[in-house]
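Written below as structure tokens is the structure these notes are about.
Numbered from 1 within each chain, the chains take letters A, B, ... in sequence-line order. Values below: all heavy atoms of this structure, side chains included; hydrogens, waters and symmetry mates excluded.
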Number of protein chains: 2
Amino acid sequence: MINIIIADDHQLFRDGMKALISSQPDFLIIGSVGTGQELMDALERDTLPDIVLLDLSMPVMDGFEVLRQVKGKFRSVRFIVISMHEDGIYISKCVRSGAHGYLLKNTDNEELFTALRRVYSGEKYFNDEIKELMIQNLALEGNDYRPLTDRESEVLQHVSQGKTTKEIASILFVSIRTVETHRANMMKKLDVQNTAELISKATQLRLI
Amino acid sequence: MINIIIADDHQLFRDGMKALISSQPDFLIIGSVGTGQELMDALERDTLPDIVLLDLSMPVMDGFEVLRQVKGKFRSVRFIVISMHEDGIYISKCVRSGAHGYLLKNTDNEELFTALRRVYSGEKYFNDEIKELMIQNLALEGNDYRPLTDRESEVLQHVSQGKTTKEIASILFVSIRTVETHRANMMKKLDVQNTAELISKATQLRLI
DNA sequence: ATGAGTATCCGTATTTATACGGATGCCCAT
DNA sequence: ATGGGCATCCGTATAAATACGGATACTCAT
């Protein structure tokens, strides 16, 4: 019997999920919580589930924070993220944070069951579409991805708003050469040829 | 009694919605369909509902196509779009296509009921968040928004990939001046100062 | 004490973008 | 026949970006 907790701030969703999952003989819903804090409390206090179905966008303590706090703590519990976000960056972030699976909220029933069973048996579950999104995101990041510094981010923000190097220098009270250097460094970090590609890529990477 | 049809390709969602809506004494689910075509057939054949809860991303005939086909046809039926997409462009497109309301799939129960009642009584229903997203999109479009021509879009694509005017001229077998003119015209249409802002705005407007 | 990273700034040069106009020809709707 | 929109191309000029290096000083971890 696979013990499952559902963590999502919408009762409708939890109820629907509970009804669906309970229809299968090998699944048992042992908890249904509406906040990250409730989930943490349940994990500390009660019988540990085999799997947590975890929404990302919960108030106060979101899914990412939950993953961060449980990291290395409840090792026997596996987390399948369920999210509306079909964005490679969210998915990559979840995978890095230790998620064992990722499903979109419009996943169909059979796939949900398959995911639950696969993750229960020790595998990770990411379907082809999810994999493709992750690959796209990693390809965007490139081989030697280094994050932008605070100043670079600031300059990038101004550039994306259409300001010239001269204008940015004036706003930040620095030399034109300083801004030029920051622009050049960003272009190197993101491996792009010019400003158009910089803005394009930075947008895709959610740096703007 | 408010008669309602639910149109969504995921049975779990339809079932959950049906259970929730049926819990209210003034609502009656008179149909539950999984495709746009089924919805069209139901509207042609059966008693018309007062309201259709319409998912956007259905296979073959999506929600936009449904709205387009019903435009001016079933005038007494009101459409509330239910979508995962919290994107001003989707929302604006729905409103332009005649939707009477727009809800995100993580809307809470009470708000769903409110929306159904308001739309039934002749109002439109868009909450503050949805309105804000629309406003942002309209602000982006600006005052005298004109769409890009095919050639402009083609040039824009190349520009966003980091190509210079010279390179684009070579690829398209036209003069450098031609590409220069296209770039200048796009910048005028989108009311931006330079290429960085062009790419930034075009991305937000989903032109790239 | 040392080294790496960050932020700052420089000289010189070339390439690219942008701006100010202007023009012709084709297609299509009126 | 006419006019508007689109795609094409031009001369001249300035502004901006990019590129090739180089440099100093501060902070923080080792």
To the nearest 10 degrees, the angle between the two end axes of the helix from dA1(C)-dT30(D) to dT30(C)-dA1(D) (five pairs per end) comes to 50°

In whole angstrom, what separates [X]'s [atom1] from [N]'s [atom2]?
{"X": "Arg183(A)", "N": "dA17(D)", "atom1": "CZ", "atom2": "P", "result": "5 Å"}
{"X": "Leu172(A)", "N": "dT8(C)", "atom1": "CG", "atom2": "P", "result": "8 Å"}
{"X": "Met186(B)", "N": "dA19(C)", "atom1": "CE", "atom2": "C1'", "result": "16 Å"}
{"X": "Asn185(B)", "N": "dC9(D)", "atom1": "CG", "atom2": "C1'", "result": "13 Å"}
{"X": "Lys188(A)", "N": "dA17(D)", "atom1": "NZ", "atom2": "C1'", "result": "15 Å"}

When you compare the protein's N or O atoms with those of nucleotides 24-30 of chain C, which come within less than 3.5 Å of each other, and at what distance?
none

Return a single string for nucleotides 24-30 of chain D, one symbol per nucleotide in 5' to 3' order, where B is base contact, S is sugar-phosphate-only contact and - is none, cutoff 4.0 angstrom on heavy atoms. -------

Does Glu44(B) come within less than 4.0 Å of Lys73(B), counting only side-chain N to carboxylate O? yes

Report the C-alpha distance between Leu198(A) and Leu190(A) in whole Å, list the side-chain angles of each, state the deciding distance to 0.1 Å, and finish with yes or no for side chain to side chain contact (heavy atoms under 4.5 Å, CB included). CA-CA 7 Å; Leu198(A) 172 69; Leu190(A) 299 192; 3.7 Å; yes

Which word best sums up how the rings of Phe27(A) and Phe113(A) line up, parallel for under 30°, tilted for 30 to 60°, or perpendicular for over 60°?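 Because their plane-to-plane angle lies in the 30° to 60° range, the rings of Phe27(A) and Phe113(A) count as tilted.
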
With a 4.0 Å heavy-atom cut-off, tell me which residues in residues 189-208 of chain A come close to DNA chain C, sorted by residue number.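 Those residues whose heavy atoms fall under 4.0 Å from DNA chain C, taken from residues 189-208 of chain A, amount to none.
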
Nucleic acid contacts of residues 147-168 of chain A, taken as heavy-atom distances under 4.0 Å to DNA chain C: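 Output list: Thr149(A), Asp150(A), Arg151(A).
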
Checking side chain to side chain contact (heavy atoms under 4.5 Å, CB included) for the pair Val70(B)/Val77(B): CA distance, chi angles, key distance, verdict? CA-CA 9 Å; Val70(B) 303; Val77(B) 182; over 6 Å; no

Within 45 degrees of the axis of the six-membered ring of Phe13(A) and under 6.0 Å from its centre: does Lys105(A) put its NZ or CZ there? yes

Check step by step if salt bridge (charged side-chain N to carboxylate O under 4.0 Å, His left out) holds for Glu141(A) and Arg96(A). CA-CA 14 Å; Glu141(A) 285 188 1; Arg96(A) 285 177 174 135; 3.0 Å; yes

Non-neighbouring partners of Gln157(A) that pass side-chain contact (heavy atoms from CB on, under 4.5 Å), sequence neighbours left out: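 Once residues adjacent in sequence are excluded, the partners of Gln157(A) under the side-chain contact (heavy atoms from CB on, under 4.5 Å) criterion are Ser160(A), Gln161(A), Ile208(A).
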
Under the side-chain contact (heavy atoms from CB on, under 4.5 Å) test, residues paired with Thr195(B) that sit two or more places apart: Ala196(A), Val159(B), Arg183(B), Ile199(B)

Heavy-atom check, side chain of [X] versus side chain of [Y], under 4.5 Å:
{"X": "Tyr125(A)", "Y": "Leu103(A)", "answer": "yes"}
{"X": "Lys189(A)", "Y": "Thr149(A)", "answer": "yes"}
{"X": "Ile168(B)", "Y": "Glu154(B)", "answer": "no"}

side-chain hydrogen bond (donor to acceptor under 3.5 Å, both in side chains) pairs, two or more places apart, involving residues 196-208 of chain A: Asp87(A)-Arg206(A)

Can you tell me if His158(A) and Lys163(A) form a side-chain donor-acceptor pair at under 3.5 Å?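 Present: a donor and an acceptor within the cut-off.
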
To the nearest 0.5 Å, tell me how far Leu104(A) CG sits from His10(B) NE2. 9.0 Å

Does atom NZ of Lys18(B) have more than 12 heavy-atom neighbours, drawn from other residues, nucleotides or ligands, at distances under 6.0 Å? no

Set of salt bridge (Lys or Arg N to Asp or Glu O under 4.0 Å) partners for Asp108(B), sequence neighbours left out: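 Asp108(B) satisfies salt bridge (Lys or Arg N to Asp or Glu O under 4.0 Å) with no residue once adjacent residues are dropped.
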
Please list, in numerical order, the residues of residues 175-182 of chain B that have a heavy atom closer than 4.0 Å to any atom of DNA chain D.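 Correct list: Ser175(B), Arg177(B), Thr178(B), Thr181(B), His182(B).
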
With a cut-off of 3.5 Å and sequence neighbours excluded, list every side-chain donor-acceptor pair involving residues 127-135 of chain A.
residue, atom, partner, partner atom, Å
Asn127(A), OD1, Glu129(A), N, 3.2
Asn127(A), OD1, Ile130(A), N, 2.8
Asn127(A), ND2, Glu111(A), OE2, 2.8

What donor-acceptor contacts under 3.5 angstrom involve side-chain atoms of residues 53-67 of chain A, with partners at least two apart or in another chain?
residue, atom, partner, partner atom, Å
Asp62(A), OD1, Phe64(A), N, 3.2
Asp62(A), OD1, Glu65(A), N, 2.9
Glu65(A), OE1, Arg68(A), NE, 3.2
Glu65(A), OE2, Arg68(A), NH2, 3.1
Glu65(A), OE2, Gln69(A), NE2, 2.9

